[in-house]
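One structure below.
Values in this document were obtained by computation on a predicted structure and should not be read as measured data. Both backbone and side-chain heavy atoms feed into the values below; hydrogens, waters and symmetry mates do not. We name chains A, B, ... by the order of the sequence lines, and we start the count at 1 in each one.
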There are 2 protein chains.
Amino acid sequence: MTSSERPRRRGRPTAPLLSQEKITRAAVELIEIRGYTALTMAALARQLGVAPSALYNHVSSKRQLLLWLQDHVNQEIDCSDFGARPWDAALESWARSYREAYARHALLVPVIAVTPIAGSPHTVAMYEKVAAGLRAGGWPDDQVMDVVVAVESFVLGSALDAAAPDDIFDVPGDQAPVLAAVVGARVGRDTARAAFDLGLATVLAGLRDRLKALGT
Amino acid sequence: MTSSERPRRRGRPTAPLLSQEKITRAAVELIEIRGYTALTMAALARQLGVAPSALYNHVSSKRQLLLWLQDHVNQEIDCSDFGARPWDAALESWARSYREAYARHALLVPVIAVTPIAGSPHTVAMYEKVAAGLRAGGWPDDQVMDVVVAVESFVLGSALDAAAPDDIFDVPGDQAPVLAAVVGARVGRDTARAAFDLGLATVLAGLRDRLKALGT
DNA sequence: ACCTGAACACCGTTCAAGT
DNA sequence: ACCTGAACACCGTTCAAGT
């Protein structure tokens, strides 16, 4: 693998142009500037000043690249409150940070939701921290992952919603009068944020009650 | 093709081979049998016994086709409890039916989350019913959509999670001992279902409390 | 009006050839 | 070991031509 296969005939081997880190960084840059539709292997190669086929010496497929991106994004999620503050406060700041990260990477959501985490070191580290925080907070082992997955489902759904246009529910008032009325009643607000705040507060309140009930 | 090519001048025009309904039905069939990756315009045309380019006389793009599919899937969501039972019971059965429908159409989730509903009649009808049910249950107009979107976010996130493999959180125990322990503590269960049930019960409990608090 | 067949620009990926 | 350039199979979509 690492093949230090001898003299290499006396000249030092020229350093490779590419690496996982360089490729990931270039992909992130590309996405931030031009969006996910611009993330093609050809565009990525172009950004790196290299032929498209050269990428395949370092990454096995585009899907693999997306998994690298996932781990990179997960690295930015702040879970430092676990262990430092009560489990529910930590869960809240984690959820907010999590949503924010994936609101900018909505197209990653369907990929990450179904991909085993084992190959993604930062992702594993994140879950370890969250699980430890919940356990320390008093959650029984057999419910910890249910709590994590439930909150995560809400967060990822909210991240998708955050990418939606503001007028997504606009509709001619005559065919859906109640809908038109309740949609109209929230004009001017940051609607996606309001829904997320309401939902998160609701989930946290419900979880606190549930844990309390477990104790009695 | 079948071209009963008759007078065609004074004869009634031959009925077109395609229609929105036929195309949608064929697409659903294709997806159910071979999955979303098999849904290409070429495969769809093949299924309908027609040239790929013929599709574009009826549907403007593949994205438009996905929107038809969305409306078709939404039509299967059961929201009949709204108006017939208390708002929280109706919300629960709606959420369960909603998740089930999209667990089978996970690849549609990122599309529907960002697409205006106006062009989708069944979708509009669904939201109208849900909004009316919540309003009748006592929710103030300016919070109805927040509740709907919050629950919907959780539901769609859970639908994605339902498509995940069971071993998604499996990890070598030495590098993440707590995670390995809590993941191991739920073996044998339908993990996605357990997380959804816990989350849904939590959300509903939280919403009931919130509405009660509003009343006082 | 609605279909066919050829064509286009693009996609991810493979592979022989070079160093 | 790692890169280039040519090639492949496929994708969604367009369009002139037929009826």
Which nucleotide wins on minimum distance to the side chain of [X], given the candidates [options]?
X	options	answer
A:Leu17	D:dT13, C:dC11, D:dC3	D:dC3
A:Val50	C:dG12, D:dT4, C:dC2	D:dT4
A:Ala54	C:dC11, C:dT13, D:dT4	D:dT4

Identified pairing partner of D:dC2, criterion: Watson-Crick or G-U wobble below 3.5 Å: C:dG18
Opposite nucleotide pairing with D:dA7, Watson-Crick or G-U, both atom distances under 3.5 Å: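 Because both required distances fall under 3.5 Å, D:dA7 counts as paired with C:dT13.
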Stepwise side-chain contact (heavy atoms from CB on, under 4.5 Å) test for B:Arg193 and B:Arg99: CA-CA 10 Å; B:Arg193 156 135 260 127; B:Arg99 170 179 175 266; 4.1 Å; yes
OP1 or OP2 of C:dA1 under 4.0 Å from side-chain N/O of B:His58: no
In this structure, how many angstroms lie between the [atom2] atom of [N] and the [atom1] atom of [X], rounded?
X	N	atom1	atom2	result
A:Leu44	C:dT13	CG	C1'	14 Å
B:Leu39	D:dC10	CG	P	17 Å
B:Leu66	D:dC11	CG	C1'	14 Å
B:Leu55	D:dT14	CG	P	12 Å
B:Arg46	D:dC11	CZ	P	12 Å
B:Leu48	C:dC3	CG	P	10 Å
A:Lys62	C:dT14	NZ	C1'	18 Å
A:Asn57	C:dT19	CG	C1'	13 Å

Any donor-acceptor N/O pair, A:Ser120 side chain to A:Thr123 backbone, under 3.5 Å: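 Side chain of A:Ser120 to backbone of A:Thr123: no pair is present.
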Partner of B:Ser153 by side-chain contact (heavy atoms from CB on, under 4.5 Å), out of B:Val155, B:Val149, B:Val151: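 Exactly one option meets the side-chain contact (heavy atoms from CB on, under 4.5 Å) with B:Ser153, and it is B:Val149.
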Step-by-step side-chain contact (heavy atoms from CB on, under 4.5 Å) determination, B:Glu128 to B:Phe82: CA-CA 10 Å; B:Glu128 174 71 2; B:Phe82 285 103; over 6 Å; no
Sugar-phosphate, base or nothing in reach of B:Ser53, heavy atoms under 4.0 Å: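 If one applies the 4.0 Å heavy-atom cut-off, B:Ser53 turns out to touch a base.
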Residue met sooner reading DNA chain C from 5', once B:Leu18 and A:Ala43 are mapped to nucleotides: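 Comparing both residues, the 5'-ward one is B:Leu18.
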Single hit among A:Asp78, A:Asp197, A:Asp81 for salt bridge (charged side-chain N to carboxylate O under 4.0 Å, His left out) with A:Arg96: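 Answer to the salt bridge (charged side-chain N to carboxylate O under 4.0 Å, His left out) test with A:Arg96 among A:Asp78, A:Asp197, A:Asp81: A:Asp197.
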